[in-house]
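Okay, so here's the structure we're looking at.
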Amino acid sequence: MEQIGIAMIGCGTVGGGVAKILAEQQERLATRCGKTLMLRRVVVRDPGKARPHIAREIITTDAKAAINDPSVSIVLELVGGVSAAREYVLQALAAGKNVVTANKHLLAEHGAEIFDAARKHDRVVAFEASVAGGIPIIAAILQSLAANQITGIQGILNGTSNFILSSMAESGASYADALKEAQARGYAEADPTLDVDGSDAAHKLAILAQIAFGVTVPFAKIERFGIAELRAMDLRFAHELGYTIKLLAEAWLDGKEVALHVAPVLLRHTDMLAQVRGAHNAVQIVGDAVGEMMFQGAGAGALPTASAVVADLIDLAVGRAQRTFQAAKLWSANARGFTLRAAEGVRSRFYLRVLVRDIPGMLADVARVLADHSISIASVIQHEALEEHSEQVVPLVIMTHYAPTGQFRAAVKKIDTLKGVVPPGVYYSVDD
Ligand code: NAP
Ligand code: HSE
């Protein structure tokens, strides 16, 4: 049987999962592609580490030699980060190799350069694992939903944040412990800041906007907020009000206008996205023919992510990926004009939590600022004590009626300056 030679650069969480599937399911994979998928070289930083499922003699630190090995036709980039990964991918394409990558950071920031290089060298870049781990969302949008104009995407796209939020809400874990556990399970990025500050979800959102809307949104322009400011009390207050807090990535297309943002959002307990737990991801799509649909599954971790990587290998082996790549015309091959809608103008309801000194007139002062900004209060919660602060400081929670985001943010800025307020006021939009 014909063999397809693979060089895998990076053999950590995802690479380890890929090596396991290639080693344990060789026969199944050969039946599905009509060819044998052979790992010829595995490039790592530390060749001394134990690497199950990989023959010692194919482990190397020489990426250049692995890429240029004539028996290799596919290079898997599973290193992460941007700098070295970009070099490896560009070198592989220039050497005439097809590339499979799980690197959303790289594609969100250098997609145009990488896809131009692939077209120049008549090669393919496959990237199913870059968004939502094991969920086949790239294939779904590029192939199965190709008849549609997608107009909306709402998703839980970061497994680590969702794992942290679920652990805090369900088992009362602390933020720090939940993050540690997510790292131990291999969900988090090498730099977990990207997971918790909304950047990783924004990287994935940029890729989804590219394949669904045909727009290249500069990454820096995607407004993103993460979960690092969120406290256990916010989850409790939200719960008391009938909501679950999720880190939500959203992309909307309205004519030539595109809106993209990532932020924690209060969702009704009954919302399907509110019920997505642990490291699972979910993507809700609105298509003009198909209507609304939702995809859900493991969004991070060794085997779920490797499932998507190996699917790309099979697609390359049978020639499907080559056809999809040509037809999809991604990044600069099909650049579409658009304007980015500023978040300031979007109307929403808001959850606001301010820590205030328990003194006369405090509630009235906060309410006055909201009224001055024409923001109407829907409900208020003020309990008597707060564990992590002295007795004189209490959380004041306010749910607002609909208001323009810009106006609301201006009000919070002002509230933060009030005497008796311990800034910053923490706020999230409410998706009813
Ligand atoms: P990881 O566990 O940190 O593994 C990184 C691997 O790359 C390690 O084997 C490391 O070598 C190697 N490496 C690092 N720098 C290198 C360099 N300059 N040259 C050669 N090898 C180098 O990362 P991961 O979690 O597997 O993630 C890999 C990629 O998949 C990232 O782009 C990530 O965003 C993406 N991804 C991850 C998940 C997930 O659940 N983890 C899910 C979807 C996508 P050593 O082993 O010697 O240190
Ligand atoms: N760090 C990422 C996450 C891995 O937690 O979702 C999957 O892309």
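Counting convention: from 1, in listed order, for ligands and their atoms alike.
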**Asked** Are any of the N/O atoms in Gly133 less than 3.5 Å from those in ligand 1?
**Response** no
**Prompt:** Quick one: do the Ser166 and Arg277 side chains pair a donor with an acceptor below 3.5 Å?
**Reply:** no
**Request:** Look only at interatomic distance and state if Val14 has a nitrogen or oxygen under 3.5 Å from any nitrogen or oxygen of ligand 1.
**Result:** yes
**Prompt:** Taking 4.0 angstrom as the limit, do Glu113 and Arg86 come out as a salt bridge?
**Reply:** yes
**Item:** Atoms in ligand 1 flagged as close to Gly80, the criterion being non-hydrogen separation under 4.0 Å
**Value:** 31 (C), 32 (O)
**Request:** With atom 34 (O) of ligand 1 as the reference point, say which of His203, Glu189, Gln183 has the nearest heavy atom.
**Result:** Glu189
**Message:** Between Arg236 and Glu240, does any NZ, NE, NH1 or NH2 come within less than 4.0 Å of an OD or OE carboxylate oxygen?
**Reply:** no
**Prompt:** Should the proximity of His105 to ligand 1, defined as any heavy atom under 4.0 Å, be assigned to the side chain, the backbone, both, or neither?
**Reply:** neither
**Greater than 12 external heavy atoms within 6.0 Å of His239's NE2** = no
Please tabulate, one line per pair, the protein nitrogen or oxygen atoms found under 3.5 angstrom from a nitrogen or oxygen of ligand 2, with distances to 0.1 Å, or say none if there are no such pairs.
from     : atom 1 : to     : atom 2 : distance (Å)
ligand 2 : 1 (N)  : Tyr187 : O      : 2.7
ligand 2 : 1 (N)  : Glu189 : OE2    : 2.7
ligand 2 : 1 (N)  : Asp195 : OD1    : 2.7
ligand 2 : 5 (O)  : Asn158 : ND2    : 3.4
ligand 2 : 5 (O)  : Gly159 : N      : 3.3
ligand 2 : 5 (O)  : Thr160 : N      : 2.8
ligand 2 : 5 (O)  : Thr160 : OG1    : 2.6
ligand 2 : 5 (O)  : Tyr187 : O      : 3.0
ligand 2 : 5 (O)  : Asp195 : OD1    : 3.4
ligand 2 : 6 (O)  : Asn158 : ND2    : 3.4
ligand 2 : 6 (O)  : Gly159 : N      : 2.7
ligand 2 : 6 (O)  : Lys204 : NZ     : 3.1
ligand 2 : 8 (O)  : Lys104 : NZ     : 2.5
ligand 2 : 8 (O)  : Lys204 : NZ     : 2.8

**Request:** Identify, with sequence neighbours excluded, every residue that meets side chain to side chain donor-acceptor pair (under 3.5 Å) alongside Asn162.
**Result:** Lys246
**Message:** Counting non-hydrogen protein atoms only, what is the nearest one to atom 7 (O) of ligand 1? Give residue, atom name and distance.
**Reply:** Gly10 CA, 3.3 Å
**Message:** Can a donor-acceptor pair be found, under 3.5 Å and without considering hydrogens, that links the side chain of Lys35 to the backbone of Glu2?
**Reply:** no
**Complete:** Across all chains, not counting sequence neighbours, the side chain to side chain donor-acceptor pair (under 3.5 Å) partners of Ser332 are Asp116
**Message:** What's the separation between atom CD in Glu257 and atom CZ in Phe338, rounded to the nearest 0.5 Å?
**Reply:** 11.0 Å
**Prompt:** Do you know the tightest heavy-atom contact between Leu241 and Ser379?
**Reply:** CD2-OG, 4.1 Å
**Item:** Protein non-hydrogen atom below 4.0 angstrom of atom 46 (O) of ligand 1 present
**Value:** yes
**Prompt:** Heavy atom under 4.0 Å from ligand 1: found in Ala84's side chain, backbone, both, or neither?
**Reply:** side chain
**Complete:** Looking only at protein heavy atoms, what sits closest to atom 4 (O) of ligand 1 is Gly12 CA, 3.3 Å
**Message:** Can you see whether Tyr243 engages Asp271 through a side-chain donor-acceptor pair at a distance of less than 3.5 angstrom?
**Reply:** no
**Message:** How about CD on Glu229, more than 12 heavy atoms from neighbouring residues, nucleotides or ligands closer than 6.0 Å, or not?
**Reply:** no
**Prompt:** Under 4.0 angstrom from ligand 1, any heavy atom of Ala63?
**Reply:** no
**Fill in**
Numbered in order shown, the ligand 1 atoms found under 4.0 Å of a heavy atom of Ala300 are 40 (O)
**Prompt:** Just checking, any donor-acceptor pair under 3.5 angstrom between side chains of Asp315 and Gln322?
**Reply:** no
**ligand 1-proximal atoms of Thr305, by part, heavy-atom distance under 4.0 Å** = side chain
**Complete:** the protein heavy atom lying closest to atom 5 (C) of ligand 1 turns out to be Val79 O, 3.6 Å
**Gly186-ligand 1 polar pair, N/O distance under 3.5 Å** = yes
**Prompt:** Which residue owns the protein heavy atom closest to atom 3 (O) of ligand 1, what's the atom, and how far is it?
**Reply:** Ala190 CB, 4.6 Å
**Request:** Considering only non-hydrogen protein atoms, determine which one is nearest to atom 25 (O) of ligand 1 and report residue, atom name and distance to 0.1 Å.
**Result:** Thr13 CB, 3.6 Å
**Prompt:** Of all the non-hydrogen atoms in the protein, which one sits nearest to atom 11 (O) of ligand 1, and at what distance?
**Reply:** Arg45 N, 3.3 Å
**Message:** Please determine whether the number of non-hydrogen atoms from other residues, nucleotides or ligands lying under 6.0 Å from atom CD of Gln326 exceeds 12.
**Reply:** no
**Request:** Have a look at ligand 1 and work out which part of Ala85, if any, has a heavy atom under 4.0 Å from it: side chain, backbone, both or neither.
**Result:** neither
**Note: Asp432-Arg268 ion pair, threshold 4.0 Å (strictly below)** = yes
**Item:** Distance filter under 4.0 Å to Tyr88 heavy atoms, resulting ligand 1 atoms
**Value:** 17 (C), 18 (N), 19 (N), 20 (C)
**Item:** Identity and separation of the nearest protein heavy atom to atom 40 (O) of ligand 1
**Value:** Gly301 N, 2.7 Å
**Request:** List every atom of ligand 1 that sits less than 4.0 Å from any heavy atom of Asn103, numbering the atoms from 1 in the order shown and giving each element.
**Result:** 32 (O)
**Fill in**
One finds that the ligand 1 atoms under 4.0 Å from a non-hydrogen atom of Ala129 are 43 (C), 44 (C)
**Asked** For ligand 1, which atoms, with element, lie under 4.0 Å from some heavy atom of Cys11?
**Response** 6 (C), 8 (C), 9 (O)
**Asked** Nearest protein heavy atom to atom 28 (C) of ligand 1, by residue and atom, and its distance?
**Response** Leu78 O, 3.3 Å
**Message:** I'd like to check the side chain to side chain donor-acceptor pair (under 3.5 Å) partners of Ser199; sequence neighbours left out, ordered by chain and number.
**Reply:** Asp197, Arg224
**Asked** Is the closest basic N to carboxylate O distance between Glu57 and Arg41 below 4.0 Å?
**Response** no
**Asked** Are the side chain of Gln275 and the backbone of Thr270 linked by a donor-acceptor contact shorter than 3.5 Å?
**Response** yes
**Residue pair Thr101 / Asn103, side-chain donor-acceptor N/O under 3.5 Å** = no
**Item:** Distance filter under 4.0 Å to Asp46 heavy atoms, resulting ligand 1 atoms
**Value:** 47 (O)
**Prompt:** Say you draw a straight line from OG of Ser174 to CD of Glu181; how long is it, rounded to the nearest 0.5 Å?
**Reply:** 11.0 Å
**Asked** What part of Arg51 sits under 4.0 Å from ligand 1 if we count only heavy atoms: the side chain, the backbone, both or neither?
**Response** side chain
